[in-house]
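Here's the structure we're looking at; comments come further down.
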Protein chains: 2
Amino acid sequence: MKTGHTFVKPLQRAALARATGCNLETIRYYETIGVMPDPPRDPNGYRSYSEYHVRRLQFVMRARDLGFSLEEIRGLLTLVDNDTRSCVEVEEIALAHLKDVQNKIAHLVRIEAALSNTLAHCSGTDVPECAVLDALLD
Amino acid sequence: MKTGHTFVKPLQRAALARATGCNLETIRYYETIGVMPDPPRDPNGYRSYSEYHVRRLQFVMRARDLGFSLEEIRGLLTLVDNDTRSCVEVEEIALAHLKDVQNKIAHLVRIEAALSNTLAHCSGTDVPECAVLDALLD
DNA sequence: CCTAAGCTCTGTAGGTGATACAGGCTCAAG
DNA sequence: CTTGAGCCTGTATCACCTACAGAGCTTAGG
């Protein structure tokens, strides 16, 4: 064997969707808004995706899943692309998100307590709904 | 002084927006979709909001922030509103929401772990190696 | 009293982040 | 050659807002 180099056959759109779990149409959407690059086309006009596109789409999806907006993802991608990946910038964005997520968790835990409290008191008394409201209102 | 009862002067739409941080137009939107009640009107047709509307809008906004859909919020609100509810109904709704909330918590905890874990490996320097990006890129 | 600013009202258009569908082309299998 | 799956494009639809246009009310100043 010459190298460890493996040829990965190019993927069409549905194959990329299957490979990443992304919705078929969303791939085209990400292309039109510039989050995914315009892929090369086969002579017939079909999109031809490589391993690069799989990784990039996974990046986008993972970041979306973590709650980053497409605008933030565009920012992260330029940091990835230009190798000016100063950790500081990324850390700023990610840290802000972490705090946001932690706040959300704290609130949800209070709501959880209020809801299970509601269920515990569900014997016909007319008070418990206030707990839910209070939890949501702080 | 007769009571501890404080008169709170009614608010117009912009005042409610300021009081809650909600967008002016969003208030009207919530009204049209039935998440906020149709407020009483002054003789001139202007909407007149009370403390009740402030609290209700804060409830809605907090719930939205925590990831509840407007549909779910409608459900939460009936839970909060309905004093003439049968215990069975409340139990059903509350239990459904409890599960929903617990799922949301679990999801956010996973996100939190991923974010703080990657941030822990972030050197915070200008080094072009960034743990956060590596994590997103796998 | 008149006017101008600054609210309010309504209807409707635009934006984000997808997702779906229609009508047509391409391609590989039978 | 036909059939069906897969691709193409454009456009519609969805949830959830957000903004604007054009009109009426209301308050302060001259």
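Rounded to whole Å, atom P of D/dT18 lies 11 Å from atom CD1 of B/Ile27. B/Asn23 has its CG atom 5 Å from the P atom of D/dT18, to the nearest Å. Between the CG atom of A/Leu16 and the P atom of D/dC8 there is a distance of 11 Å, rounded to whole Å. To the nearest angstrom, P of D/dC25 lies 14 Å from CG of B/Asp42. Regarding B/Leu24, its CG atom lies at a distance of 15 Å from the P atom of D/dA21, rounded to whole Å. A/Tyr49 has its OH atom 10 Å from the P atom of D/dC7, to the nearest Å. As a whole-Å value, the separation of B/Ile33 CD1 from D/dC14 P is 15 Å. Between the C1' atom of D/dC16 and the CD atom of B/Glu72 lies a distance of 14 Å, rounded to the nearest Å.
The CZ atom of B/Arg74 sits 5.0 Å away from the CD1 atom of B/Ile33 when rounded to the nearest 0.5 Å. Here the OH-CG distance, from B/Tyr30 to B/Asn23, works out to 9.5 Å after rounding to the nearest 0.5 Å.
The shortest distance between the side-chain N/O atoms of A/Arg47 and the OP1/OP2 oxygens of D/dT9 is below 4.0 Å. Between A/Gln12 and D/dG6, a side-chain N or O to OP1/OP2 separation shorter than 4.0 Å is absent.
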**Item:** Trace of the side chain to side chain contact (heavy atoms under 4.5 Å, CB included) decision for A/Arg64 with A/Leu70
**Value:** CA-CA 7 Å; A/Arg64 284 294 295 141; A/Leu70 288 172; 3.7 Å; yes
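Taking 4.0 Å as the cutoff to heavy atoms of chain B, we find the contact window on DNA chain C bounded by C/dC7 to C/dT12.
Taking only side-chain atoms of A/Arg28, from C-beta outward, the nucleotide of D/dG10, D/dC7, D/dC17 with the closest atom is D/dG10. Among D/dG6, D/dT26, D/dC16, the nucleotide with an atom closest to any side-chain atom of B/Tyr29 is D/dC16.
A donor-acceptor pair under 3.5 Å is absent between the side-chain atoms of B/Thr26 and the main chain of B/Tyr29, judged by distance alone. A donor-acceptor pair under 3.5 Å links the side-chain atoms of B/Arg13 to the main chain of B/Leu24, judged by distance alone. A side-chain donor-acceptor contact under 3.5 Å links A/Asn44 to the backbone of A/Tyr46.
When each of B/Arg18 and B/Glu31 is assigned the nucleotide of DNA chain C bearing its nearest heavy atom, the one mapping closer to the 5' terminus is B/Arg18. Between A/Thr26 and A/Tyr46, the residue anchored closer to the 5' end of DNA chain C is A/Thr26, taking for each the nucleotide with the nearest heavy atom. In terms of position on DNA chain D, the residue among B/Asn44 and B/Glu71 whose nearest nucleotide sits closer to the 5' end is B/Glu71.
Taking the charged nitrogens against the carboxylate oxygens, B/Arg28 and B/Glu25 do have a contact shorter than 4.0 Å, which makes a salt bridge.
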